[in-house]
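See below for the structure under consideration.
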Amino acid sequence: MDKHSNLVPRYTSSERGNHWFTAVMFVLVALSGLTFFDPAFFFFSDLFGGGTWARILHPFLGVVLLITFLGLVARFVRDNRITDADREWGRHLGKILRNRASNLPEIGKYNLGQKYLFWLLVVTIPLAAVSGMLIWQPYFAPAFGVTVLRIAVVIHALSAFLAIAAIMVHIYAAIWTKGSVGAMTRGVVSESWARHHHAAWYRKVVKGAK
């Protein structure tokens, strides 16, 4: 904790680098994949040099995304474990949404919604990657039967859809909660932001600084 500027360190430079590289890869994978999901999205192929190059690059970009995403999971998995405090918040979710909840436990580094989002991505991104590898022509697809490939296509599309939806929620929440984007660009948050949004984490940081 920076005692002189009242700023609280939230993310290291390597964590921010891993996050933004993963974010860029996710966008590239999503856009190249949407190119073939529906003709309405085919114009995205222009970003990759045309339909042929989009089809060639999509699975390779997906492999890179999986690797960098797993690195991100390794960094943040500990702080995203569901705790008793999170379960207590979950039991009062209706009151929280109506702004009628009181005497709830303090929030750690991430709230329950952020943790649910994290675990959804932990499931959907690897699932999309594995199912995508099964249908990857001409490398792996010939080794499987038609039934397996059809199931893999459905799983690939569904998991990709859920991952994209989750990321859209993540972006909206980051913009809506003022200060969140700055945390991942500068690596620090204000002391008041930390106390208000993640009091338990803030106390832990202060205690560690002392």
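From a predicted model like this one, the values you see are computed outputs, not experimental measurements. Side-chain atoms are counted along with the backbone in the values below, which use heavy atoms only and exclude waters and symmetry mates.
In this structure His197 satisfies the ring-ring contact (aromatic ring centres under 6.0 Å, His included) test together with Trp193, sequence neighbours excluded. Every residue two or more places apart in sequence or in another chain was checked for a ring-ring contact (aromatic ring centres under 6.0 Å, His included) with Phe21, and none qualifies. Residues forming a side-chain hydrogen bond (donor to acceptor under 3.5 Å, both in side chains) with Arg203 (at least two apart in sequence, or on another chain): Glu106. By the side-chain hydrogen bond (donor to acceptor under 3.5 Å, both in side chains) test, Arg16 is found to be paired with no residue, residues two or more places apart in sequence or in another chain being considered. For Arg87, the side-chain hydrogen bond (donor to acceptor under 3.5 Å, both in side chains) partners two or more places apart in sequence, or in a different chain, are Asp84. Residues satisfying the side-chain hydrogen bond (donor to acceptor under 3.5 Å, both in side chains) test with Ser192, not counting sequence neighbours, are Ser190.
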Which side-chain N or O atoms in residues 172-184 pair as donor and acceptor under 3.5 Å with protein atoms at least two apart or in another chain?
from, atom 1, to, atom 2, distance (Å)
Thr177, OG1, Ala173, O, 3.1
Ser180, OG, Thr177, O, 3.1

For residues 58-83, which side-chain donor-acceptor pairs fall under 3.5 Å, sequence neighbours excluded?
from, atom 1, to, atom 2, distance (Å)
His58, ND1, Val29, O, 3.3
His58, ND1, Ser32, OG, 2.8
His58, ND1, Gly33, N, 3.3
Thr68, OG1, Asn18, ND2, 3.1
Thr68, OG1, Thr22, OG1, 2.9
Arg75, NE, Asn18, OD1, 2.9
Arg75, NH1, Ser14, OG, 3.1
Asn80, ND2, Phe76, O, 2.8
Thr83, OG1, Ala85, N, 3.4
Thr83, OG1, Asp86, N, 3.3
Thr83, OG1, Asp86, OD2, 3.0

Output side-chain donor-acceptor pairs under 3.5 Å for residues 35-51, partner residues at least two apart or in another chain, one line each.
from, atom 1, to, atom 2, distance (Å)
Thr35, OG1, Leu31, O, 3.0
Thr35, OG1, Ser45, N, 3.4
Asp38, OD1, Ala40, N, 2.8
Ser45, OG, Phe42, O, 2.7

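Between atom CZ of residue Arg55 and atom CH2 of residue Trp136 there is a gap of 11.0 Å, rounded to the nearest 0.5 Å. Atoms NE2 and OH, from His196 and Tyr202 in turn, are 14.5 Å apart once rounded to the nearest 0.5 Å. Going from atom CG of Leu117 over to atom CG of Leu112 covers 11.0 Å, rounded to the nearest 0.5 Å.
Taking all atoms of both residues into account, the shortest heavy-atom contact from Ala152 to Ser131 is O-CB, 3.5 Å. Annotation for Leu149 and Ile135: closest pair O-CG2, 3.8 Å, computed over non-hydrogen atoms. Residues Ala163 and Ile125 share a closest heavy-atom pair of CB-CG1, 4.3 Å.
Residue pairs meeting the ring-ring contact (aromatic ring centres under 6.0 Å, His included) criterion with at least one partner in residues 145-170, sequence neighbours excluded, are absent. Listed by first and then second residue, the ring-ring contact (aromatic ring centres under 6.0 Å, His included) pairs that reach into residues 92-128 come to none, sequence neighbours excluded.
Leu127 shares a hydrophobic cluster with Ile151, Ile155; the chain of contacts runs through ILVMFWY side chains whose heavy atoms sit under 4.5 Å apart.
Looking at Tyr139 and Met133, their side chains never come closer than 4.5 Å, going by heavy atoms from C-beta outward. Within the 4.5 Å cutoff, the side chain of His19 has no heavy atoms near those of the Glu15 side chain. Taking the side chain as every heavy atom from C-beta outward, Met168 and Ile164 approach each other to under 4.5 Å.
Under a hydrophobic clustering in which Ile, Leu, Val, Met, Phe, Trp and Tyr are joined whenever their side-chain heavy atoms come within less than 4.5 Å, directly or via other members, Val123 and Val169 fall into different clusters. Note on Met25: it clusters hydrophobically with Trp20, by side-chain heavy-atom contacts below 4.5 Å among ILVMFWY residues. Cluster annotation: Val189 and Val206 are assigned to the same hydrophobic cluster (Ile/Leu/Val/Met/Phe/Trp/Tyr, side-chain heavy-atom contacts under 4.5 Å, transitive). Hydrophobic clustering (ILVMFWY, side-chain heavy atoms < 4.5 Å, transitive): Leu158 and Leu134 are in distinct clusters.
A donor-acceptor pair under 3.5 Å links the side-chain atoms of Trp89 to the main chain of Pro105, judged by distance alone.
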